[in-house]
There are 4 protein chains.
Amino acid sequence: MKPRRPKLFSGATGAGVPVGSPPSARGAKAAARRGAILDAALAEFSARGFAAARLDDVARRAGVAKGTIYLHFKDKEALFQELIRSQLSPVVGSFESVLASDLPLAMIVDQAIEVFVRDIYGTHRKQVIRLIITEGPRFPALAEFYYREVLARILKAVRARLTRALERGEIADDALIRFPQLLGAGAVVAIIWHGLFERFEPLDVRAMIRVYFDRLVLGVGGAA
Amino acid sequence: MKPRRPKLFSGATGAGVPVGSPPSARGAKAAARRGAILDAALAEFSARGFAAARLDDVARRAGVAKGTIYLHFKDKEALFQELIRSQLSPVVGSFESVLASDLPLAMIVDQAIEVFVRDIYGTHRKQVIRLIITEGPRFPALAEFYYREVLARILKAVRARLTRALERGEIADDALIRFPQLLGAGAVVAIIWHGLFERFEPLDVRAMIRVYFDRLVLGVGGAA
Amino acid sequence: MKPRRPKLFSGATGAGVPVGSPPSARGAKAAARRGAILDAALAEFSARGFAAARLDDVARRAGVAKGTIYLHFKDKEALFQELIRSQLSPVVGSFESVLASDLPLAMIVDQAIEVFVRDIYGTHRKQVIRLIITEGPRFPALAEFYYREVLARILKAVRARLTRALERGEIADDALIRFPQLLGAGAVVAIIWHGLFERFEPLDVRAMIRVYFDRLVLGVGGAA
Amino acid sequence: MKPRRPKLFSGATGAGVPVGSPPSARGAKAAARRGAILDAALAEFSARGFAAARLDDVARRAGVAKGTIYLHFKDKEALFQELIRSQLSPVVGSFESVLASDLPLAMIVDQAIEVFVRDIYGTHRKQVIRLIITEGPRFPALAEFYYREVLARILKAVRARLTRALERGEIADDALIRFPQLLGAGAVVAIIWHGLFERFEPLDVRAMIRVYFDRLVLGVGGAA
DNA sequence: GATGAATGAGGGTTCATTCAT
DNA sequence: TATGAATGAACCCTCATTCAT
């Protein structure tokens with residue numbers, strides 16, 4: 001049986017109408033443009049990197065004039081940061097709710113794999129993560145935002161769930177509680193491999209992630 | 001007892017005198033400058049990324065004039081690519097020799113950990129790896145070079161050793177033979193964490209990597 | 001009586017509004033700027049030569065920013081080539097129509113002299129011709145354009161008219177049909193003399209050209 | 001019968017040992033290098049123009065180091081000017097002696113044609129003349145030198161001979177005395193045509209110059 | 001003298017940002 | 001609000017010139 005999969009994203013890019021904004025014709029059009037710009041920005045920043053991406057190309061891809069970008073974003077850097085932020089905020093709650101459940105660890109792992117493969121690796125969201133990895137060092141504010149609003153919260157939920165698992169005897173030691181970062185390593189490698197080496201050697205991401213969690217979390221396989 | 005550690009690098013920057021070049025005063029100075037430029041370039045490219053790095057800054061940091069860079073490198077891109085290549089080529093052989101040994105798997109893991117922590121994570125070489133990750137997509141030739149000359153060879157050696165391990169019963173299944181990429185995941189996460197989140201939450205890299213390999217390769221820990 | 005003079009140019013710089021473009025305010029301004037840039041470019045290229053001319057100076061002289069040049073021309077070379085082409089294309093038809101007429105040869109000579117003195121030598125067009133002479137060897141495409149679109153067509157018209165003249169007995173032999181290039185020699189010398197030696201020894205260009213054609217075409221004067 | 005042809009140049013480039021310099025081994029070598037540099041400079045300046053020519057290429061072509069050029073010439077401009085001057089000085093005397101002769105005008109024309117075709121058009125000296133035409137406006141000192149030391153003297157000799165011819169009835173009027181510049185027009189056109197259009201339409205230079213002088217000076221051919 | 005590595009000013013070109021329409 | 005032409009600072013790269021060897 002397929003594990004239940006929490007629906008993370010609505011399908012559209014996350015840059016839609018701000019929550020609560022009035023659905024007036026004018027506001028809707030503005031929000032649509034803003035979304036188009038963010039989509040285009042993601043494509044261009046992913047393809048070229050922040051520094052090398054040209055706002056000219058973003059505008060052309062979004063179907064707006066160059067000046068229009070500045071009606072929605074203060075400057076190139078603000079566009080970039082809002083792009084990242086708008087894409088990531090929705091993720092946290094979903095992960096938190098998955099981890100808060102009292103399902104057996106194995107099923108949580110199933111769910112996490114499914115979420116990663118379908119809602120992150122299978123979408124442009126993997127490019128957002130890649131952008132954080134590649135551009136983070138040049139955007140301390142962004143790294144901090146990501147750490148505080150995303151990572152820290154997810155890691156906290158992970159640690160909480162693992163602590164319960166340890167107490168219940170689901171896991172044997174506190175190693176992953178001390179290094180919860182490792183839980184993301186498989187995903188990170190998948191994303192990086194995709195960007196760099198897919199054309200040389202394709203990767204069955206789902207199978208790899210499965211192996212990864214089996215070993216790391218569930219203790220399946222390994223030494224004889 | 002400390003595991004024997006293969007000496008990977010000589011300590012000097014990898015950009016020293018070309019092997020076999022005569023140690024003439026002229027040649028030595030030229031090589032020193034070339035090395036200084038490469039060192040400075042690594043620092044600037046790491047700090048700003050390829051596109052945003054200024055050759056002016058590279059020159060100033062290297063203590064040479066801007067034009068001098070062009071005596072040693074055709075252009076900015078050539079400087080970047082030679083920087084990466086010069087740093088990586090020496091690595092492969094070392095890893096291959098480690099993996100070729102017939103020591104027990106646990107000792108090989110010990111050695112690999114030591115090599116990573118001391119010779120990669122503890123040096124500027126981790127920045128080289130970070131640059132491949134961040135700039136690779138924009139430099140297909142570089143990604144290809146890295147894949148062919150580094151990754152593919154290391155992965156081949158890994159697979160060979162793991163196949164022997166499987167035959168000998170040192171490991172229980174072929175999962176890591178199918179996904180040897182996972183063996184680098186801990187290192188990748190360590191390098192990325194360092195660049196992005198070290199200031200928020202420091203990481204005991206050696207301990208983390210230890211946990212990582214214990215779980216992934218040796219099957220130590222995990223589910224109860 | 002003054003010979004009729006075909007009006008060659010409108011007086012404005014040749015780089016005005018493209019034929020047929022709508023006279024919108026936007027388009028008119030753009031065309032005006034393009035024209036100003038071409039005028040400035042002609043001045044700077046004439047004064048310094050293509051290689052030594054600075055686009056900074058062109059921009060300053062045109063009253064625009066340096067970047068504006070690149071809105072109208074791909075690069076310095078395109079600016080140069082379009083400058084030449086835009087100035088020359090109108091000339092051909094005029095010369096062809098002059099030569100197509102059935103007026104006596106003497107009157108055609110009168111007209112040609114007038115056209116050269118007033119519409120070429122008396123305008124910045126002489127600088128364009130000078131630029132072709134000086135820069136042509138470094139711009140094969142330009143030399144070819146000039147040959148095909150200007151010279152070859154004019155020479156063809158000249159040969160046709162001279163052939164008729166020979167048939168009618170207006171001229172005694174086919175020498176100039178074989179070497180119609182000579183018909184431009186007086187003009188070329190006038191232009192070169194102007195650029196190099198005018199300050200040492202001024203030249204009455206009209207009188208010189210008059211002597212030149214009298215001798216060369218009409219057979220007036222010469223040996224006793 | 002072939003007209004006697006005054007031997008204008010020794011065959012070697014004019015940049016040889018300065019007249020009167022001692023033929024010491026050292027001096028001979030220095031002079032040889034100086035000559036090699038001047039030859040190379042002529043080739044490079046002709047191919048690219050003064051501004052675009054690179055001293056690096058001059059040095060390579062001359063087989064010397066870049067710094068060596070500065071042992072012989074103050075800077076690039078001095079190299080250029082001395083190049084032109086060294087090539088032109090020998091010409092004047094020859095032309096003067098030709099014109100001073102009391103041979104019939106037709107024979108002087110024969111000689112002049114021969115000298116031009118063989119000693120100027122047939123050698124790299126035509127490139128020197130081309131360089132004066134193309135670079136003269138940017139080098140007032142050079143234009144002045146050329147005017148004073150070459151042109152003015154030749155024109156003076158021409159006028160003197162033509163004045164005698166007029167007195168003797170060899171020519172019918174003073175037109176060419178007033179515009180002796182025209183006498184060079186055929187040569188100028190030949191040189192320019194060669195540089196720009198030879199590949200499209202080759203030119204029989206000797207025949208053209210012959211027609212030219214026949215018409216202009218001797219009054220042969222023309223109107224019926 | 002001869003060399004050629006080193007210098008650094010200069011200039012072509014790009015592109016984020018502004019603003020008149 | 002939207003546009004896109006215009007701006008000009010910034011940066012890569014070249015090359016004439018210098019100077020230590």
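Letters A, B, ... mirror the listed sequences (proteins, then strands); counts begin at 1.
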For the residue pair A:Arg85 and A:Phe145, would you count it as a cation-pi contact if the rule is NZ or CZ under 6.0 angstrom from the ring centre and within 45 degrees of the ring axis? yes

Looking at every heavy atom in both B:Phe73 and B:Ile37, which two are closest together, and how far apart are they? CE1-CG2, 3.7 Å

Does D:Ala53 reach a base, just sugar-phosphate, or nothing at all? Heavy atoms under 4.0 Å. sugar-phosphate

For DNA chain F, which residues in residues 64-80 of chain D have a heavy atom at a distance below 4.0 Å? D:Lys66, D:Tyr70, D:Asp75, D:Lys76

Think C:Arg33 has a side-chain N or O under 4.0 angstrom from the OP1 or OP2 of F:dT7? yes

Is the side chain of C:Glu44 donor-acceptor paired with the backbone N or O of C:Leu55 at a distance under 3.5 Å, no angle test? no

What is the separation between atom CD on B:Glu44 and atom C1' on F:dC12, rounded to the nearest whole Å? 15 Å

Complementary nucleotide for E:dT21 - Watson-Crick or wobble, under 3.5 Å: F:dA2

For F:dA16, give the paired nucleotide (Watson-Crick: N1-N3 plus N6-O4 or O6-N4; G-U: N1-O2 and O6-N3; both under 3.5 Å), or none. E:dT7

Short side-chain to backbone donor-acceptor contact, C:Ser46 and C:Ala43, under 3.5 Å: no

Please report the distance, rounded to the nearest Å, between CG in B:Leu55 and C1' in E:dT13. 15 Å

Find the distance C:Arg54:CZ to F:dT14:C1' and express it as a whole number of Å. 16 Å

